[in-house]
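Every chain is numbered from 1, with letters handed out A, B, ... down the list of sequences. Note that the structure is predicted; figures quoted are calculated from it, not measured. What you see below is based on every heavy atom in this structure, not just the backbone, and it leaves out hydrogens, waters and symmetry mates.
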Protein chains: 2
Amino acid sequence: MTEVPPEGLTISAAAEMSGLSVDTLRYYEKEGLTLHRPGRSPSGQRRYTEQNVAWLGTLVMLRKTGMPIRDIKRFVELYRVEGSEADRLAILQAHRQHVLDDLDEVQTHLAAINRKIDYYNTAVMQGK
Amino acid sequence: MTEVPPEGLTISAAAEMSGLSVDTLRYYEKEGLTLHRPGRSPSGQRRYTEQNVAWLGTLVMLRKTGMPIRDIKRFVELYRVEGSEADRLAILQAHRQHVLDDLDEVQTHLAAINRKIDYYNTAVMQGK
DNA sequence: ATGAACCTTGGAGCGCGCTCCAGGTCAAGC
DNA sequence: GCTTGACCTGGAGCGCGCTCCAAGGTTCAT
């Protein structure tokens, strides 16, 4: 599906695939959010493997659902601790609940938006 | 339902009712997000009417669904323009679409979170 | 009448998540 | 050989949305 050559992708290619910016990729790495740091070409440029890019997808998933950088960092660090699977699972489950609560709140407010739109449509716009 | 005495609520009471902080209330007012500025007591303290508090609810609705302060300001300003109902409606409808797109994206990522949780549950945690 | 609680203003400060910049290296193409 | 362009690093800067602070006024309970 995704085609990552064996020598790896440049940072700009990885950025494009992940939907993040080049600067954000370097920033995430600096913050310790990478599961494995990408390798380097002989001249020192980053080379992203399929695995590297896959993890970027995880980062996008967590960020887009509102997990702060700080919390993602803690999550990643658990991957370096042996036998921490239960802890990682707990974090994911807690985050899942967080997302569900968030969705619920937004949907409630969305209903209010819909009511306001209806109000404009029926009570205000009939004279048009 | 809500009980606002005729002389109005203090800022701390309005804060509690709206779920916003006292500082945020003053900040919103400074930024021009209020539909009507709250009145003042003889000594200069803000007094929030039922109408004032109701508008705070609208502000919360828009903020919690991700509308930036800047956009809310534009929306409020339309209330001061006569015959701008169609424009206000358009803004609400555009925002509604924005919220729907957002919800969609979050739900997609939520599905990925669920898959990751399932992975931990089935493939990793069975030994415990 | 003393002190606590609450309010006022203007403005500074802050946490977050990037985003941008300067100055430099390197590889490829003309 | 030279230019172009993508990459590197460390660090500064920024937009957002509050949040807090200082200095002062008022109100109220004991």
What's the shortest heavy-atom distance between [X] and [Y], and which atoms?
X: A:I72; Y: A:L62; result: CD1-CB, 3.8 Å
X: A:R47; Y: A:P38; result: O-CB, 3.5 Å
X: A:S12; Y: A:V22; result: CA-CG2, 3.9 Å

### Message
From C-beta outward on B:Q45, which listed nucleotide comes closest to its side chain: C:dC18, D:dT19, D:dG25?
### Response
D:dG25
### Query
Could you walk me through whether B:E105 and A:K64 pass the salt bridge (Lys or Arg N to Asp or Glu O under 4.0 Å) check?
CA-CA 8 Å; B:E105 190 181 12; A:K64 289 274 189 181; 3.3 Å; yes
Separation of [N] [atom2] from [X] [atom1] (nearest whole Å):
X: A:R47; N: C:dA27; atom1: CZ; atom2: P; value: 10 Å
X: A:E16; N: D:dC7; atom1: CD; atom2: P; value: 11 Å
X: B:I69; N: D:dG15; atom1: CD1; atom2: P; value: 16 Å
X: A:L20; N: C:dG17; atom1: CG; atom2: P; value: 14 Å
X: A:L25; N: C:dG17; atom1: CG; atom2: P; value: 16 Å
X: A:Y27; N: C:dG15; atom1: OH; atom2: C1'; value: 10 Å
X: A:I11; N: C:dT19; atom1: CD1; atom2: P; value: 14 Å
X: A:K73; N: C:dG17; atom1: NZ; atom2: C1'; value: 14 Å

For [N] and [X] - does any side-chain N or O of the residue sit under 4.0 Å from the phosphate oxygens OP1/OP2?
X: A:Y28; N: C:dC18; result: yes
X: B:S21; N: D:dC18; result: no
X: B:S41; N: C:dC7; result: no
X: A:S43; N: D:dC7; result: no
X: B:T10; N: C:dC7; result: yes

### Task
Map B:A13 and A:G66 onto DNA chain C by nearest heavy atom, then report which one ends up closer to the 5' terminus.
B:A13
### Task
Take A:D118 and A:R115 through the salt bridge (Lys or Arg N to Asp or Glu O under 4.0 Å) test and state the conclusion after the steps.
CA-CA 5 Å; A:D118 284 351; A:R115 280 196 299 277; over 6 Å; no
### Query
Rounded to the nearest 0.5 Å, what separation is found between the OG1 atom of B:T34 and the CG atom of B:N52?
8.0 Å
### Query
Restricting to pairs with a member in residues 60-116 of chain A, which pass ring pair (Phe, Tyr, Trp, His ring centres under 6.0 Å), not counting sequence neighbours?
A:W55-A:Y79, A:F75-A:Y79
Quick test: give all pairs of protein nitrogen or oxygen and nucleotides 9-14 of chain C nitrogen or oxygen below 3.5 Å, distance rounded to 0.1 Å.
from  : atom 1 : to    : atom 2 : distance (Å)
C:dT9 : OP1    : B:R40 : NH1    : 3.3
C:dT9 : OP1    : B:R40 : NH2    : 3.1
C:dT9 : OP2    : B:R46 : NH1    : 2.9
C:dT9 : OP2    : B:R46 : NH2    : 2.7

